Amino acid sequence: MNSLTLHPLKSAKGEIQLPGSKSLSNRILLLAAQAKGVTTITNLLDSDDIRRMLESLDSIGVQFELSDDKTTCKVTGQAGPLKSEKALELFLGNAGTAMRPLAAALCLGEGEFTLTGEPRMYERPIGDLIDALLPLGANVEYLGDKDYPPLKIKATGINGGEVKIKGNISSQFLTALLMAAPMAKGDLTIVMDGELVSKPYIDITLDCMARFGITVENDNYQRFTIKGNQTYSAPETIMVEGDASSASYFLSLGALGGGPVRVHGTGLASIQGDAQYAKVLEQMGAKITWSDFWIQAEAPENGAKLQAVDVDLNHIPDAAMTIATTALFATGTTKITNIYNWRVKETDRLNAMATELTKLGATVVEGNDYIEVTPPAEIQSAAIDTYDDHRIAMCFSLAAFGNSDIIINDPGCTSKTFPTYFELFKQVTIEK
Ligand SMILES: O=C(O)C1=C[C@@H](OP(=O)(O)O)[C@@H](O)[C@H](O)C1
Ligand SMILES: C=C(OP(=O)(O)O)C(=O)O
């Protein structure tokens, strides 16, 4: 297997222009495809997850022009739900932000769609979304295990009314239903059935819908009311913010390697919850400076060490993984809680993080919904398995701040959201 050896690092310093946000790119593409008018999207992310969405829209017949560098996309919207005269099979890889929103959107129009993906996608639940779509008149069939993709959808439209949805496993189910709701045949009220995880992603969804002209009545994230029979309207141009989850690795590099490391594209004005990652680093002692459009991280003042934290990171599940590897260099035991849904993402992330941190010599407690990390006296050299999980490859690059070589197996898996990660990593780090 292909692997990358990272030699021990002395310092990190520099500036990074972040690639576009995955969450925003896929939401904006889908809304633009259904909107009335032409949307020019800039700073679109060029990565596997976005390619899966673009390929699907292309198969459905949505017209778009992609620039040579694939970061500008001019989409001609369909002025309504997506339709296809012939039955289509759409391959969505392991992109949650393509599978879940498309599953709801494709119920709205006309046609027969089979949604497939990588083997891991068939282990990632979707039942809570389908359970909300079926009572609204959708026709969705499980082709494999109940509650999991692959799916067959026969589009019949979705009715208005009131429906309950569970949000304790993934916020993407609510996101999917919200984005489809304006095109339902009547007004729709969505009621949360229990806890909602990863809540800031709902703010991203509502913000994107607003940019395409749709208002949602949000009653404290418990009830959402949306008028039916509406059409999204193209905002003409829309710029995708830099990816705040991708920013986390560079902010930690700045905090561990002296810095300053400045990431451009996310900041105080960002709609992405993962920008709050910088606050957790600050709590650990890092020096953080913000503007509306960039965030900068440096080591703690006066040569102090980072300190362990005990934090509920349910609101930033993706960036939270970077705290787990930053904790390798903090004094004390770091505990990250309320992260059960790490288990249903690209891999069982709680188990994978515990296994790989242990290889480095850390003492790790893997709870059902938490992880505790106590750093070793000296980080051991190890070959890190990445489980086809981009974030494991990226967050373990921080371990190179020890005194040993760190081998990252299958580094190419960063292509899911950040194909250029290791190039940029090399640009801002200096070896011992
Ligand atoms: O809506 C989104 O764009 C996302 C929501 C989160 O998933 P969950 O809601 O499943 O935690 C996050 O982990 C994922 O990378 C992107
Ligand atoms: C969980 C993630 O992705 P997905 O959009 O496939 O859920 C992620 O990017 O960390």
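Remember, it's 1-based here, ligands and their atoms both numbered in the order they're listed. Small disclaimer: the values here were computed from a predicted structure and weren't measured. Residues: numbered from 1 along the sequence shown.
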Could you tell me whether P317 approaches ligand 2 through its side chain, its backbone, both or neither, with non-hydrogen atoms closer than 4.0 Å? neither
Does R51 come within less than 4.0 Å of D46, counting only side-chain N to carboxylate O? yes
Distance-only N or O hit between ligand 1 and S198, under 3.5 Å: yes
Compute the shortest N/O to N/O distance between R391 and ligand 1 and return yes if it is under 3.5 Å, no if not. no
A student checking ligand 2 against R349 at a 4.0 Å heavy-atom cut-off should list atoms 1 (C), 8 (C), 10 (O)
Please state which option from K345, R120, R391, R124 has its nearest heavy atom closest to atom 7 (O) of ligand 2. R124
Salt bridge present between K416 and D49 (N-O < 4.0 angstrom): yes
Out of I316, L24, T97, D318, the nearest non-hydrogen contact to atom 15 (O) of ligand 1 is supplied by D318
Has R100 got any heavy atom lying under 4.0 angstrom from an atom of ligand 1? no
Strictly below 4.0 Å, N to O, side chains only: are R349 and E366 in salt-bridge contact? no
Does S67 reach the main-chain N or O of T72 with its side chain, forming a donor-acceptor pair under 3.5 Å? yes
When the ring planes of Y421 and F425 are compared, do they come out parallel, tilted or perpendicular, using 30° and 60° as the limits? tilted
Compare K345, R124, M321 and give the one whose heavy atom is closest to atom 7 (O) of ligand 1. K345
Under 3.5 Å donor-acceptor, R100 side chain and A176 backbone: no
For M99, is the nearest heavy atom under 4.0 Å from an atom of ligand 2? no
At under 4.0 Å between heavy atoms, what of N341 touches ligand 1? The answer is side chain
Have a look at ligand 2 and work out which part of D318, if any, has a heavy atom under 4.0 Å from it: side chain, backbone, both or neither. side chain
Is there a nitrogen or oxygen of H390 sitting under 3.5 Å from a nitrogen or oxygen of ligand 2? yes
Which atoms from ligand 2 have a heavy atom of N94 less than 4.0 Å away? 6 (O)
Might you confirm whether atom NZ of K166 has over 12 heavy atoms from other residues, nucleotides or ligands at distances under 6.0 Å? no
Any chance CD of Q307 has more than 12 other-residue heavy atoms, nucleotides or ligands included, within less than 6.0 Å? yes
Considering both backbone and side-chain atoms of T175, is one of its nitrogen or oxygen atoms within less than 3.5 Å of a nitrogen or oxygen in ligand 1? no
Does some non-hydrogen atom of R52 fall short of 4.0 Å from ligand 2? no
